[in-house]
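The next block holds one structure in the form of structure tokens; read it before the comments.
Just so you know, ligand 1 is whichever comes first in the structure, and atom 1 is the first atom listed for that ligand.
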Amino acid sequence: MGEIDPAFIQEPEHRPKLRSIEVNEIPVIDLSVYNTGDTKQIASEIGNACKKWGFFQVINHGVPLELRCRVEKVAKAFFDLPIEEKRKVKRDELNFTGYHDEEHTKNVRDWKEVFDMLIQDPTLLPASPEPDDEEITTYTNRWPEYPPEFRETCQEYAREVEKLAFKLLELISLSLGSPANRLGDYFKHQTGMLRLNYYPPCPSPELALGVGRHRDGGALTVLAQDDVGGLQIKEQSSGEWIPVKPIPNAYIINIADSLQVWSNDLYVSAEHRVVVNSERERFSIPFFFFPSHYVTVKPLEELVNEQNPAKYEEYNWGKYYVNRTGSNYKKLEAENIQIHHFKRSD
Ligand code: OGA
Ligand code: NI
């Protein structure tokens, strides 16, 4: 067993059982018919996947493979830089974009390095999580000097994945029985991020995690993973951790917290985590699709009635986000804010 800093060590019940990836249980959905207008069938497949897993993979999604390869290349070139170079664009108390190698999930340090960039530049967010504080802060991206094509490549890639995210939002709206444009307005000033994840080989993969168990806080995540594997989803019925098999050029889509609330618990924001290994480094690129900061998140009116009342109190997206972001920096005493804190008890 290798030696690692105790900050990375998970409590025994959260340590991973390292298993190989042989099954593919997560649905794979072909989006090629989207353009022919026959969206009914896809919407129904998506609806089923969102209910059972909160996860699915998509193929024929329209994001050019050549662009994905280019962004993977600049990500690798960036993380290969000496640590002093990477720290020149380090996240700090005033600006959460850029490089970071001390992220904590559920108060245990993650075995990874990240680079975060806002999709909208600038992005407006509440200055603090305090409910009465109305001040808004403007955030802008920071960019590394190397590799020189980093900025342009990442921006071009983010624009293409954003198109896919809007497409998925339409299909999800349809799958809920609402018009295709039902959710789009919530994203007029979207506050999302593109993240580059780098998971170095870990000498003790049985003790640490690349990302500890968590649910994504936003609306939807569109994730590119390489061929190494490591992402696991907690199956609702059995509580088992199910690995997501890498499929070349597919995207992994997951429902995040706002969509669970909008759907009034019809769809699940599933718990997931990343297992690391001692041999191979791994890269992944999640696109986190978040609403505008001023959006009030609450179950959609058309999905609630007397027999099926709203299961959540409403909350402001910006405040929720800022509250959660603050807790990624360091080990805290308490759990950060989660949608179950807004769950109605009746
Ligand atoms: C995340 C995440 C999965 C992965 O960054 O929120 O769940 O495969 N990443 O890197
Ligand atoms: Ni996640």
If you check every N/O/S atom of Asp216, which is the one nearest the Ni ion (ligand 2)?
OD1

Side chains of Asp110 and Tyr199: any donor to acceptor distance under 3.5 Å?
no

Quick one: sort the Phe187 and Phe289 rings into parallel, tilted or perpendicular, breaks at 30° and 60°.
parallel

If you look only at pairs with a residue in residues 113-142, which of them pass as a ring-ring contact (aromatic ring centres under 6.0 Å, His included), with sequence neighbours excluded?
Phe78-Phe115, Phe96-Tyr139, Phe115-Phe150

Run the ring-ring contact (aromatic ring centres under 6.0 Å, His included) test on Tyr186 and Trp262 for me, step by step, so that the C-alpha distance in whole Å, both residues' side-chain angles and the decisive distance to 0.1 Å come before the verdict.
CA-CA 11 Å; Tyr186 296 146; Trp262 284 326; 4.9 Å; yes

Output all residues satisfying side chain to side chain donor-acceptor pair (under 3.5 Å) with Asn277, sequence neighbours left out; order by chain, then residue number.
none

Please tabulate, one line per pair, the protein nitrogen or oxygen atoms found under 3.5 angstrom from a nitrogen or oxygen of ligand 1, with distances to 0.1 Å, or say none if there are no such pairs.
from	atom 1	to	atom 2	distance (Å)
ligand 1	6 (O)	His214	NE2	3.0
ligand 1	6 (O)	Asp216	OD1	3.3
ligand 1	7 (O)	His214	NE2	3.2
ligand 1	7 (O)	His272	NE2	3.0
ligand 1	8 (O)	Arg282	NH1	3.2
ligand 1	8 (O)	Arg282	NH2	2.8
ligand 1	10 (O)	Tyr199	OH	2.6
ligand 1	10 (O)	Ser284	OG	2.6

Of all N, O or S atoms in His214, the one closest to the Ni ion (ligand 2) is NE2

Please, which pairs that meet ring-ring contact (aromatic ring centres under 6.0 Å, His included) have at least one residue in residues 202-225, sequence neighbours excluded?
His214-His272

Can you classify the ring geometry of Phe290 versus Trp317 as parallel (below 30°), tilted (30 to 60°) or perpendicular (above 60°)?
tilted

